[in-house]
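Below is one structure, written out as structure tokens; the observations come after it.
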There are 2 protein chains.
Amino acid sequence: MATGSGHPTRHPAGATIYSVAERAGVSIASVSRVLQGSQAVSEKTRKRVLEAADELHYVPLAAARSLAVRHHEAHGLVLPELSGPYYSELLMGFEYRAAELGQSVVLMLAEGKADLPRAVRKLATRVDGLAMLGSSAIPDETVSALGGSKPVVLIAGDEKATVDTVSSENTSSAREITAHVLGHGRTRLLFVGDPTVSPDIRDRYAGFVAAHASAGIVAAEAVTVSLREADGTALADRLLRGDLEADALVCANDELALAVMVRLRGSGLRVPEDVAVVGWDDVMTARYVEPGLTTVRQPVRELGARASDLLHERITGSAAPRGAQVIPTHLVIRSSCGCPPPPVAVRALP
Amino acid sequence: MATGSGHPTRHPAGATIYSVAERAGVSIASVSRVLQGSQAVSEKTRKRVLEAADELHYVPLAAARSLAVRHHEAHGLVLPELSGPYYSELLMGFEYRAAELGQSVVLMLAEGKADLPRAVRKLATRVDGLAMLGSSAIPDETVSALGGSKPVVLIAGDEKATVDTVSSENTSSAREITAHVLGHGRTRLLFVGDPTVSPDIRDRYAGFVAAHASAGIVAAEAVTVSLREADGTALADRLLRGDLEADALVCANDELALAVMVRLRGSGLRVPEDVAVVGWDDVMTARYVEPGLTTVRQPVRELGARASDLLHERITGSAAPRGAQVIPTHLVIRSSCGCPPPPVAVRALP
DNA sequence: CTGTTAGCGCTTTCAA
DNA sequence: TTGAAAGCGCTAACAG
């Protein structure tokens, strides 16, 4: 490199409010005032302080402020991990809203943590409240204990006494998409996904069952596989081998649905002619595959935003009634369910 | 109406090290010792303290500890946003590594922030060091200023005097993938993407040019479009209208490549027969489309991990030489480049 | 092994 | 409009 750095940059102690005050020739109280944008400061003082702070490269220490004001100005968020668009969208919604509220966000990923309860407690140590995904595998007692000491909102989890809850609608959308498939004349539908894995999936299966009930037929047991692509591929193979029989698959999420679909078609089965496939989430790939995947779109971003909102309300004490908030979802009909594909010219558009 | 003191909050002040000490009948020093896992405590004291802490639902205040020990035990990370797998992977790598190092991660998304420099400075206030994506649109002077006061690592950005840098290899992979396409007998290649947008893309274009030079032909100017799906679609239309001519497209990322490909095929052009398309990143969709997208896989996760590592080294003062670290990438050949597709049975496998 | 005691850097009365 | 001073909760000498 051209800039032969002669001296490695050191990161020494750094300026404090005291050094700034000294340099500006005022008291630390005045420095604090101008830095907090207090009105009661003379223009002269303000200017001096700002200059001094600038010259000293003053970077305040949030910890000291937090200690003094007795809150962190930060929201914690616990997610299982970040693959797929679901968690990312959630996180984006959360972060944007938190930022609007002037709160930092401290993120923790649950997967792979050796001692999850410990990790969560540590997180709790540095935030004013925390949100977590219902599926983060955090023991119930940990959640409850936390809920006792600071605001906690559970995302897509079950209602609990000490915490708030926000989730997206599942049961009736599941009922709707199932009814749609039944409406195509399919009769041997399978629900693919493990209802015990999360409240979301449990509710989706409930909707699946309800739609069958309305049609006067009894729904099959859920085919309990987890949500990874590999599971979808394996499931497709079971169908191909004849271990399983179905003319339509209602999958718990899109990744599963896509994997199944690709494997099925790769092996000569037609989708949707031989077997229809629908998913959940509306990931990007859902509109790239052939045929386009019929699915349910969740307002995941808004879910995240609501979580941050709720947290803030709790923290600042706006005593809303504790309870569950549900955000609506909606069907995205493409052609994997048996509907005719749209004209070619617009096929690639969402 | 109640007076100002009447908070409706169910989350009152909470226990402190003092209340725990009192309850346990020991000094705060002893409490601190057992909580820090210090060896020099009698079993009896330890037990008492732990009990007291438990009974009181004691949650330590990280801010107080930070103030006392003079560091935050947190790494900051600035990302533009979180759509697509790239940033998520990066973040996962970063978080996992940070956790291993005992550091929390404070995340900030740059996109949509009104006053970005201010936001970043605020972030700097609560972390011991921070990593940011080169493409986060943070003004150079802000980065440099920050680099002067605490460790900063730039991810996929240009080398700077005051900060460390980590990026994945671009130029020679771009050269390689371009040479591969040229090897298929294509001669009118177009590079799609804006080299001015990020050092990554600039370097990829450089590799594109270099490959042409090696083949004794002169590379075309880059077709400067941004990286969204919509831009890919628009680009495809330009090709279809004949505004642009090419028998192969080297796209700056997969999303662009996929959008182009889908549009082209939707309008009757054959890929790769009429025009080959290759991308960069190896996103999930890349192996779901037909034909499978030839692309370059980046070790994005490791990039994130290295960033956290570097940060930690700097923070703890292990004075490594400042400079740029480069992580290798590799080609993923599928069939959008003109290579024959694999046998059907394994088509869906990565 | 335990307790006492200074701070860490900032905010915030309270007086002036 | 300003400054002095008292904490915020925790850690880490330093004695005992």
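So you know, we letter chains A, B, ... as the sequences are listed, proteins then strands, and number each from 1.
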Practice item. For B/Met92 and B/Tyr87, run side chain to side chain contact (heavy atoms under 4.5 Å, CB included): C-alpha distance rounded to whole Å, both residues' side-chain angles, the deciding distance at 0.1 Å, then the answer. Key: CA-CA 9 Å; B/Met92 287 182 80; B/Tyr87 300 127; over 6 Å; no
Starting at atom [atom1] of [X], determine the distance to atom [atom2] of [N], rounded to an integer number of angstrom.
X        : N      : atom1 : atom2 : answer
B/Asp128 : C/dC8  : CG    : P     : 18 Å
B/Arg46  : C/dC1  : CZ    : P     : 10 Å
B/His72  : D/dC10 : NE2   : P     : 17 Å
B/Leu61  : D/dG7  : CG    : P     : 18 Å
A/Arg33  : D/dA4  : CZ    : C1'   : 11 Å
A/His71  : D/dG9  : NE2   : P     : 14 Å
A/Arg126 : D/dG9  : CZ    : C1'   : 15 Å
B/Ile28  : C/dT5  : CD1   : P     : 11 Å

Are any of [X]'s side-chain N or O atoms less than 4.0 Å away from OP1 or OP2 of [N]?
X       : N      : answer
B/Arg70 : C/dG9  : yes
A/Thr45 : D/dT2  : yes
A/Ser32 : C/dC10 : no
A/Ser27 : D/dA4  : no
A/Ser66 : C/dC10 : no

Review point. Quick one: does B/Tyr18 reach the base of D/dC8 with a side-chain donor-acceptor pair under 3.5 Å?
Key: no
Counting side-chain heavy atoms from CB outward, which of [options] is closest to [X]?
X       : options                : value
A/Ser42 : D/dT1, C/dC10, C/dT2   : D/dT1
B/Ala68 : D/dG3, D/dT2, D/dT11   : D/dT11
A/Ala64 : D/dC10, C/dC10, C/dT11 : C/dC10
B/Ile17 : C/dT11, D/dT2, D/dT11  : D/dT11

Practice item. Give the C-alpha distance, both sets of side-chain angles, the deciding distance and a yes or no for salt bridge (charged side-chain N to carboxylate O under 4.0 Å, His left out) between A/Arg314 and A/Asp128. Key: CA-CA 10 Å; A/Arg314 281 277 167 242; A/Asp128 298 313; over 6 Å; no
Practice item. Give B/Thr16 one of three labels, base, sugar-phosphate or nothing, depending on what nucleic acid heavy atoms sit under 4.0 Å from its own. Key: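 Contact class for B/Thr16: sugar-phosphate only.
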Practice item. Would you indicate what A/Val31 reaches in the nucleic acid, counting non-hydrogen atoms under 4.0 angstrom: base, sugar-phosphate, or nothing? Key: nothing
Review point. After noting the C-alpha distance and the side-chain angles of B/Val166 and B/Leu310, does the key distance pass the side chain to side chain contact (heavy atoms under 4.5 Å, CB included) rule?
Key: CA-CA 9 Å; B/Val166 40; B/Leu310 255 169; 4.3 Å; yes
Revision key, fill the gap. In this structure, NE2 of B/His75 is separated from CG of B/Leu123 (nearest 0.5 Å) by 12.0 Å
**Study point:** Reported CG-to-OG distance for the pair A/Asp200 and A/Ser167, which is rounded to 0.5 angstrom
**Key:** 7.0 Å
Practice item. List the steps and the verdict of salt bridge (charged side-chain N to carboxylate O under 4.0 Å, His left out) for B/Arg23 and B/Glu51. Key: CA-CA 9 Å; B/Arg23 174 147 196 144; B/Glu51 272 174 23; over 6 Å; no
Exercise for review: Identify, between B/Leu67 and B/Ser30, the residue whose nearest nucleotide on DNA chain C lies closer to the 5' end.
Suggested key: B/Ser30
Point to revise | Residue whose nearest DNA chain D nucleotide is more 5′ - B/Leu35 or A/Val41 | key: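 Result of the comparison: A/Val41.
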